[in-house]
Protein chains: 2
Amino acid sequence: MVTAKSDNLSASLEDYLEAILNLASKSNFAHSKDIAKLLGVSMSSVTGASRVLKKKGLANYKPYNCVTLTESGRAAAAEIARKHNILKSFFVNVLGIETDIAQQTACKAEHTLGPEIIERLLCFIEFVTQSSKNGCDWADEFQKFCNKKNQNV
Amino acid sequence: MVTAKSDNLSASLEDYLEAILNLASKSNFAHSKDIAKLLGVSMSSVTGASRVLKKKGLANYKPYNCVTLTESGRAAAAEIARKHNILKSFFVNVLGIETDIAQQTACKAEHTLGPEIIERLLCFIEFVTQSSKNGCDWADEFQKFCNKKNQNV
DNA sequence: TGACAAAGTTAGGCGAAACTAACTATATTA
DNA sequence: TAATATAGTTAGTTTCGCCTAACTTTGTCA
């Protein structure tokens, strides 16, 4: 296994990791200021987190330089991002939740749901997608079901 | 509305509330020792939490006495327990997750999922239940889908 | 009824995560 | 190239949630 699962990360550190991954998607590095803005946190908090991530071998950090992810940092961040996307997709495409709420909730839930649930959710999304191709559109049927129910209230 | 939603509760306080509700379901009161055991926490932590819950008007607490919930404490706890049950039911009955894992995950996720998601999940459970009565057993089909997929791996 | 065990509390401390305010480094530009 | 604006850091503080160790209260039983 190459994917060095660096576990034992707090929800907060996972957020920093994910933020860096996203910001670095084009440029390969992330500015403290942008991380701070993205996470709604002060710059000094970013400095603190960067030091911790460095100590854990997940980020390359030198004072007054941009932050980059190490190999295992990238792997860990990618896992978190994957969880995030699966959750968001489930919320939007299966449950029919509004994008904004789906996004926000995915951010929180990605830290609390274990692999068993995540993999099953992924499976479930595939299942629904597949059956819609076979003419049985569950997501659509579900929406109708919801609408009918809401009318009765 | 009677349900005095006392929000702004930390995940931790919600856990205490839920624990007290569960322990008090028969006797109407909860011993510190039992709360501590249920939550895997020291008794002094329970004392601290009890004081906070009292200050928030959610629990009746007097040193060296059992803890009971106030009216609004009960309402808040019931809401949390409801979330918990909806989540657990979704995990077990729709996703087919093992009971233990479902239970544990529900404990964590109940603090992070907002009402929109929870209500939709409830709706979804009803939808699946209903359609299984009409001869279309989704949960079962999904299990088959999962099994087939796992075989291919 | 008095000694002892069990239950509960208090005091003090620790680590995580955030903040503000003051300082330092870097970059820009006149 | 020196002044200044922007970015980043450091120091010190706060809040939360938990812990251990020592103490107090309550309840039991010989």
Side-chain angles (χ1 to χ4, degrees), chain A residues 6-20 23-24 27-69 73 76-77 80 104 107-108 110-112, chain B residues 6-20 23-24 27-69 73 76-77 80 104 107-108 110-112:
Chain A
S6 347
D7 251 354
N8 313 322
L9 287 176
S10 65
S12 159
L13 283 182
E14 289 190 353
D15 281 336
Y16 284 103
L17 226 41
E18 202 183 2
I20 297 169
L23 290 169
S27 46
N28 254 335
F29 56 80
H31 281 283
S32 293
K33 200 196 176 190
D34 297 328
I35 302 172
K37 197 175 175 186
L38 192 59
L39 296 179
V41 127
S42 77
M43 285 214 296
S44 72
S45 299
V46 176
T47 304
S50 300
R51 274 203 289 241
V52 177
L53 290 176
K54 181 203 173 93
K55 196 183 296 179
K56 288 183 181 287
L58 299 169
N60 303 116
Y61 167 72
K62 271 191 176 178
Y64 299 103
N65 277 43
C66 291
V67 186
T68 61
L69 293 176
I80 298 160
Q104 287 167 227
C107 277
K108 291 190 245 160
E110 69 197 17
H111 309 299
T112 60
Chain B
S6 346
D7 250 356
N8 311 323
L9 287 176
S10 65
S12 158
L13 283 182
E14 288 190 354
D15 282 335
Y16 284 104
L17 226 40
E18 201 181 2
I20 297 169
L23 290 169
S27 45
N28 255 336
F29 56 81
H31 281 284
S32 291
K33 201 195 175 192
D34 297 328
I35 301 172
K37 197 174 175 188
L38 192 59
L39 296 179
V41 128
S42 78
M43 285 215 295
S44 71
S45 298
V46 176
T47 304
S50 301
R51 273 202 291 240
V52 177
L53 290 176
K54 182 205 172 93
K55 197 185 295 179
K56 288 184 180 285
L58 298 169
N60 304 115
Y61 166 71
K62 270 190 178 179
Y64 300 104
N65 277 44
C66 292
V67 185
T68 61
L69 293 176
I80 299 160
Q104 287 166 229
C107 276
K108 290 190 243 160
E110 70 198 16
H111 308 299
T112 61

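Naming: A, B, ... by sequence-line order, numbering from 1 per chain.
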I'd like a table of atom pairs between the protein and nucleotides 10-14 of chain D - only N or O on both sides, under 3.5 Å - with the distance next to each one.
residue, atom, partner, partner atom, Å
D:dT10, OP2, A:Arg51, NH1, 2.5

Do you know the tightest heavy-atom contact between [X] and [Y]?
X       : Y        : answer
B:Leu69 : B:Asn60  : O-OD1, 3.6 Å
B:Gly73 : B:Leu17  : O-CG, 4.1 Å
A:Asp15 : A:Cys107 : OD1-O, 4.3 Å

Query raised in the report: Would you find a donor on one side and an acceptor on the other, under 3.5 Å apart, between the side chain of B:Lys54 and the backbone of B:Tyr61?
Result: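 Checked: pair present.
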Query raised in the report: Earliest and latest nucleotide of DNA chain C, 5' to 3', sitting under 4.0 Å from a non-hydrogen atom of chain A?
Result: C:dA17 to C:dA25
Requested in this report: Could you check how far NZ of B:Lys56 sits from C1' of D:dC16, rounded to whole Å?
Outcome: 12 Å
Query - Between P of D:dG17 and CG of B:Leu13, the distance in whole Å - result: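 After rounding, the gap between these two atoms is 6 Å.
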Requested in this report: First locate atom CD of B:Glu18, then atom CG of B:Leu9, and finally report the distance between them rounded to the nearest 0.5 Å.
Outcome: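 Between atom CD of B:Glu18 and atom CG of B:Leu9 there are 12.0 Å.
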Query raised in the report: If we only count heavy atoms from C-beta on, is the B:Glu110 to B:Ile80 side-chain gap below 4.5 Å?
Result: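 Contact flag for B:Glu110/B:Ile80 side chains = yes.
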Query raised in the report: Can you check whether B:Leu53 reaches B:Tyr16 side chain to side chain, under 4.5 Å on heavy atoms?
Result: yes
Report task. Identify, with sequence neighbours excluded, every residue that meets ring pair (Phe, Tyr, Trp, His ring centres under 6.0 Å) alongside B:His111. Result -> none
**Report entry** Under the ring pair (Phe, Tyr, Trp, His ring centres under 6.0 Å) test, residues paired with B:Tyr64 that sit two or more places apart
**Finding:**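 Scan of B:Tyr64 (ring pair (Phe, Tyr, Trp, His ring centres under 6.0 Å), adjacent residues dropped) gives none.
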Report task. Map A:Asn65 and A:Val52 onto DNA chain C by nearest heavy atom, then report which one ends up closer to the 5' terminus. Result -> A:Val52
**Report entry** DNA chain C contacts made by residues 30-42 of chain A, counting heavy atoms under 4.0 Å
**Finding:**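 Residues of residues 30-42 of chain A that come under 4.0 Å of DNA chain C are, in numerical order, A:Gly40, A:Val41, A:Ser42.
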Review item, side-chain donor-acceptor pairs of residues 45-52 of chain B, under 3.5 Å, at least two apart:
residue, atom, partner, partner atom, Å
B:Ser45, OG, B:Ser42, OG, 3.2
B:Thr47, OG1, B:Met43, O, 3.3
B:Ser50, OG, B:Val46, O, 2.8

